[in-house]
Amino acid sequence: MALPDPVPAALFDPPGGFLDAWNPEDLVYFALNVGDGDTQLLVLPVRAGEKRRCIVVDVASARKLADLTRALVDADRLELHPELFAIVVATHPHQDHIGGMPRFLDAFEAQIDELWEPGYFHPSGAYGEMMRALEDNDIRHTQPAAGMTRFLSGVKVTVLSPGVSLRHRFDSYGIEINNASISLKLDFPATRVVEEGENRRLRKPSPQSLVLGGDAQTLSWSQVLVDFPQLGPDRTPVNQALGKARGLVPLRAKVFKVPHHGSKHGLSLELVEAIEPKLSIVSSVGGGGRYAFPHRVAVEALREALEPIASNATGARTSDWELGIHYTGARDDAGADLGTIALVMSPTGSKRELWRLGDADTGAVDLSHARRFTGPS
């Protein structure tokens with residue numbers, strides 16, 4: 001197991017100001033501190049004439065997500081309406097990802113528009129209860145595969161996995177359940193045509209982007225790297241003069257939700273090099289728990305991709321937080337829980353603020369306790 005580096009308490013502002021940091025056009029991402037599990041909430045930007053909508057990715061703890069939702073409603077950042085939760089994603093049917101899903105579906109059925117799950121049948125109580133809640137509450141149901149794309153409130157949502165060939169094996173040759181996991185890429189704002197007078201042009205690549213890895217493991221990621229190839233730019237003088245030297249980098253993202261809580265089976269050096277994240281987020285208790293997540297081999301692969309040291313003689317080790325690696329289960333150097341991670345991102349790319357809410361994995365979320373991180377983000 002790998003223990004997260006303590007983050008200097010001096011790098012955090014005093015508590016307060018989190019809600020004031022939001023603008024209507026911002027995208028806000030929460031990775032809730034639920035121990036070795038996933039509960040994620042994305043609050044989408046507001047568009048003219050619309051109410052804010054959200055995307056939920058996994059619900060290990062219905063109580064914590066419900067408490068956060070109600071706190072945001074009380075703070076006038078959200079409003080309960082029939083499409084509040086535009087998409088709820090159950091990445092795969094493991095308890096630490098859907099254990100709280102049935103309770104969440106029952107509690108918020110009037111605000112849920114659609115549920116995505118990979119279509120992997122799993123004979124567990126949590127999976128059976130999720131499907132019961134889905135049918136009882138008559139919620140739209142989709143089983144996506146790689147390449148499916150949805151545009152919501154100016155955000156492009158692309159399904160990276162499971163690949164179609166893996167999807168076809170669920171009920172035949174079978175695959176390991178984690179490789180059935182849905183992983184997503186979000187681009188904000190979505191690439192679109194921009195009108196300038198009589199001229200139209202394509203917007204440049206989105207300045208804010210996230211890859212949410214679910215529990216996908218190396219078999220699944222190997223297919224993602226095939227399905228979404230990175231095409232390097234052609235930097236010939238002619239192409240540079242024509243302004244066509246960018247190339248296509250579909251996996252590149254500013255924020256990377258590390259798959260499978262930092263499991264040694266969920267990460268490869270090649271994957272991180274393709275994503276090139278500025279921020280990497282690991283949801284785990286931080287060196288303990290039943291599975292001793294995160295695993296040292298995964299953490300070192302992540303670190304090596306961000307700051308290669310294997311090919312030099314110095315062997316110098318930079319702190320995790322200096323490399324943009326943050327753990328929901330981490331503490332500061334004064335021993336305080338850092339807790340739930342929140343990112344506030346502007347559509348221009350000029351703002352990507354990281355906040356920590358200070359909750360323990362079994363504790364309540366209190367937005368007034370949020371502290372802004374002043375280190376690299």
Side-chain angles (χ1 to χ4, degrees), residues 30 32 34 37-47 49-74 77-159 161-162 164 167-168 170-171 177 180-184 186 212 214-215:
F30 294 90
L32 277 72
V34 293
D38 272 6
T39 303
Q40 301 166 81
L41 175 69
L42 294 115
V43 181
L44 303 179
V46 177
R47 305 190 76 182
E50 294 182 355
K51 298 176 181 178
R52 270 198 191 270
R53 295 188 288 180
C54 299
I55 297 173
V56 169
V57 182
D58 289 327
V59 186
S61 171
R63 177 191 59 79
K64 201 158 207 176
L65 179 57
D67 288 349
L68 175 59
T69 299
R70 293 185 180 109
L72 294 173
V73 170
D74 291 343
R77 293 300 182 274
L78 292 180
E79 178 183 341
L80 297 178
H81 61 89
E83 294 184 353
L84 171 60
F85 299 108
I87 303 173
V88 176
V89 182
T91 60
H92 66 295
H94 266 155
Q95 180 75 21
D96 59 334
H97 290 252
I98 66 164
M101 189 67 78
R103 182 178 172 187
F104 177 77
L105 297 179
D106 286 333
F108 289 97
E109 55 88 16
Q111 288 82 42
I112 297 171
D113 188 37
E114 184 175 4
L115 182 134
W116 293 1
E117 55 89 20
Y120 188 105
F121 176 80
H122 188 52
S124 68
Y127 178 74
E129 274 298 289
M130 182 181 78
M131 301 310 289
R132 186 274 312 158
L134 180 66
E135 295 176 5
D136 285 354
N137 296 307
D138 196 24
I139 296 170
R140 281 201 296 172
H141 180 198
T142 299
Q143 294 177 340
M148 176 179 169
T149 302
R150 177 72 61 82
F151 291 85
L152 286 169
S153 301
V155 177
K156 179 183 177 182
V157 183
T158 303
V159 177
S161 71
V164 173
R167 178 71 181 79
H168 289 332
F170 287 2
D171 299 322
I177 187 172
S181 183
I182 297 172
S183 61
L184 302 170
L186 288 90
L212 309 180
D215 271 10

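In this chain, residues are counted from 1 in sequence order.
Between A62 and G100 the shortest heavy-atom distance is CB-O, 3.2 Å. Minimum interatomic distance between D38 and G214 (heavy atoms only, all atoms of both residues): OD2-O, 4.5 Å. Taking every heavy atom of both residues into account, V155 and P45 meet most closely at CG2-CD, 3.8 Å. Taking both residues in full, the closest heavy atoms of H92 and D58 are given as N-OD1, 4.5 Å, listed atom of the first, atom of the second, then distance. Between I182 and A90, the shortest heavy-atom contact is CD1-O, 4.1 Å.
Side-chain contact between F108 and F85 is present, with at least one heavy-atom pair separated by less than 4.5 Å. Counting heavy atoms from C-beta outward, R77 and E79 have side chains that stay 4.5 Å or more apart. No side-chain heavy atom of N137 sits under 4.5 Å from any side-chain heavy atom of I112. In this structure, S124 and Q95 have side chains that are not in contact, with every pair of non-hydrogen atoms separated by 4.5 Å or more. Residues D113 and I87 form no side-chain contact, since every pair of their non-hydrogen atoms from C-beta on lies 4.5 Å or further apart. In this structure, L78 and V43 have side chains that are in contact, with non-hydrogen atoms separated by less than 4.5 Å. Side-chain atoms of L42 and V57, non-hydrogen and from C-beta on, do get closer than 4.5 Å to each other. Residues I55 and L44 form a side-chain contact, since some pair of their non-hydrogen atoms from C-beta on lies under 4.5 Å apart.
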Could you go step by step and tell me if L41 and L72 meet the side chain to side chain contact (heavy atoms under 4.5 Å, CB included) rule? CA-CA 12 Å; L41 175 69; L72 294 173; 4.0 Å; yes
Checking E135 against H141 for the side chain to side chain donor-acceptor pair (under 3.5 Å) test, could you report, in this order, the C-alpha distance in whole Å, the side-chain angles of both residues, the deciding distance, and whether it holds? CA-CA 9 Å; E135 295 176 5; H141 180 198; over 6 Å; no
For R140 and L115, what are the C-alpha separation, side-chain angles and deciding distance, and is it a side chain to side chain contact (heavy atoms under 4.5 Å, CB included)? CA-CA 6 Å; R140 281 201 296 172; L115 182 134; over 6 Å; no
Assess the residue pair Y120 and Y127 against the criterion (ring pair (Phe, Tyr, Trp, His ring centres under 6.0 Å)); give the C-alpha distance rounded to whole Å, side-chain angles, the decisive distance to 0.1 Å, and a yes or no. CA-CA 10 Å; Y120 188 105; Y127 178 74; 8.5 Å; no
Run the salt bridge (Lys or Arg N to Asp or Glu O under 4.0 Å) check on R52 and E83 step by step: do they pass? CA-CA 9 Å; R52 270 198 191 270; E83 294 184 353; over 6 Å; no
Dump the intermediate steps for side chain to side chain donor-acceptor pair (under 3.5 Å) on H97 and D215, then the final yes or no. CA-CA 9 Å; H97 290 252; D215 271 10; 3.0 Å; yes
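The list of salt bridge (charged side-chain N to carboxylate O under 4.0 Å, His left out) pairs with a residue in residues 124-134, not counting sequence neighbours, reads D106-R132, E129-R132, R132-D136. Listed by first and then second residue, the salt bridge (charged side-chain N to carboxylate O under 4.0 Å, His left out) pairs involving residues 86-98 amount to none (not counting sequence neighbours).
Remark: D74 CG is packed, more than 12 non-hydrogen atoms of other residues, nucleotides or ligands lying under 6.0 Å away.
In this structure, E114 pairs ionically with R150, as a charged nitrogen and a carboxylate oxygen lie closer than 4.0 Å.
Note that CZ of F104 and OG of S61 are 11.5 Å apart. Values are rounded to the nearest 0.5 Å.
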